[in-house]
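Data first, discussion second: the structure below is written as structure tokens.
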Amino acid sequence: MANNRTFTMIKPDAFGAGNSGAILKMIEEAGFKIVAMKATKLSPEMAGKFYEVHSERPFYAALCAYMSSGPILPVILEKDNAVEDFRKLIGATNPADAAEGTIRKIFATSIEANAVHGSDSDENAAIEGNFFFSQFERVL
Ligand code: GDP
């Protein structure tokens, strides 16, 4: 997935509020192509594995409970400069700090329930995409 792919998840707050379609529209209008997508639900154990890098952080337990609280929509996306451009499109982790017009500014309700995930590097984009999808689930 070298520098033209990234990975996102529409998180339980946004999925549950019925905002998946509106968020995907913003993503496609920003030039990203959908490579793989499905609706699924994480167990607390799988959420713990996905966010293992945060296991020492004080919010880890709450984050795992939240991410396994309802359905999510994991998506692999393709575009030039995907990781960096997608981080710009979603905005800062805390919606209070997110720029106007970003997905988190529009749809996030808190620093935890912040609507979407976005990989922070090409390496993590590949790892995170492989966490959810086999090669047979990708259309590109
Ligand atoms: P991201 O790369 O912008 O998603 O941010 P991080 O990798 O730092 O954090 C991962 C996820 O943990 C965030 O998207 C939030 O859902 C959650 N999170 C981050 N910081 C906090 C915090 O201070 N408190 C809580 N409750 N959740 C947080």
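Both backbone and side-chain heavy atoms feed into the values below; hydrogens, waters and symmetry mates do not.
- Nearest heavy atoms, C64 versus P44: CB-O, 4.3 Å.
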Considering only distance and modelled atom types, tabulate donor-acceptor pairs under 3.5 Å from the side chains of residues 81-90, sequence neighbours left out.
from: N81; atom 1: ND2; to: D85; atom 2: OD1; distance (Å): 3.0
from: D85; atom 1: OD2; to: K79; atom 2: NZ; distance (Å): 2.6
from: R87; atom 1: NH1; to: G118; atom 2: O; distance (Å): 2.7

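- Residue-environment remark: CD (E137) exceeds the threshold of 12 foreign heavy atoms within 6.0 Å.
- Sorted by first and then second residue, the pairs that involve residues 57-79 and meet ring pair (Phe, Tyr, Trp, His ring centres under 6.0 Å), not counting sequence neighbours, are H54-F59.
- To the nearest 0.5 Å, the span separating OH on Y51 from CG on L63 amounts to 5.5 Å.
- Side chain of K38 to backbone of F132: a donor-acceptor contact under 3.5 angstrom is found.
- Checked against the 6.0 Å centroid criterion, the rings of F7 and F131 do not qualify as a close aromatic pair.
- In this structure, the separation between CG on L77 and CE on M37 is 9.5 Å, given to the nearest 0.5 Å.
- At least one side-chain heavy atom of I34 sits less than 4.5 Å from a side-chain heavy atom of V75.
- Of all heavy-atom pairs between R138 and N130, the closest is NH2-OD1, 2.8 Å.
- Two residues are said to be in side-chain contact when any heavy atoms from C-beta on lie closer than 4.5 Å; M67 and F50 fail this criterion.
- Between I23 and I27, the closest side-chain pair of non-hydrogen atoms falls below 4.5 Å.
- Of all heavy-atom pairs spanning F32 and T6, the tightest one is CE2-CG2, 4.4 Å.
- A side-chain donor-acceptor contact under 3.5 Å links D13 to the backbone of A115.
- Looking only at distances, a side-chain donor or acceptor of S134 sits under 3.5 Å from a matching main-chain atom of F136.
- Note that the CG atom of N19 and the CE atom of M26 stand 11.0 Å from one another [nearest 0.5 Å].
- Of all heavy-atom pairs between L42 and S68, the closest is O-CB, 3.1 Å.
- With sequence neighbours excluded, no residue forms a ring-ring contact (aromatic ring centres under 6.0 Å, His included) with F107.
- The minimum heavy-atom distance linking H117 with R104 is given by the pair CA-NH2, 4.3 Å.
- No donor-acceptor distance shorter than 3.5 angstrom exists from the side chain of E128 to the backbone of A125, with no hydrogens or angles considered.
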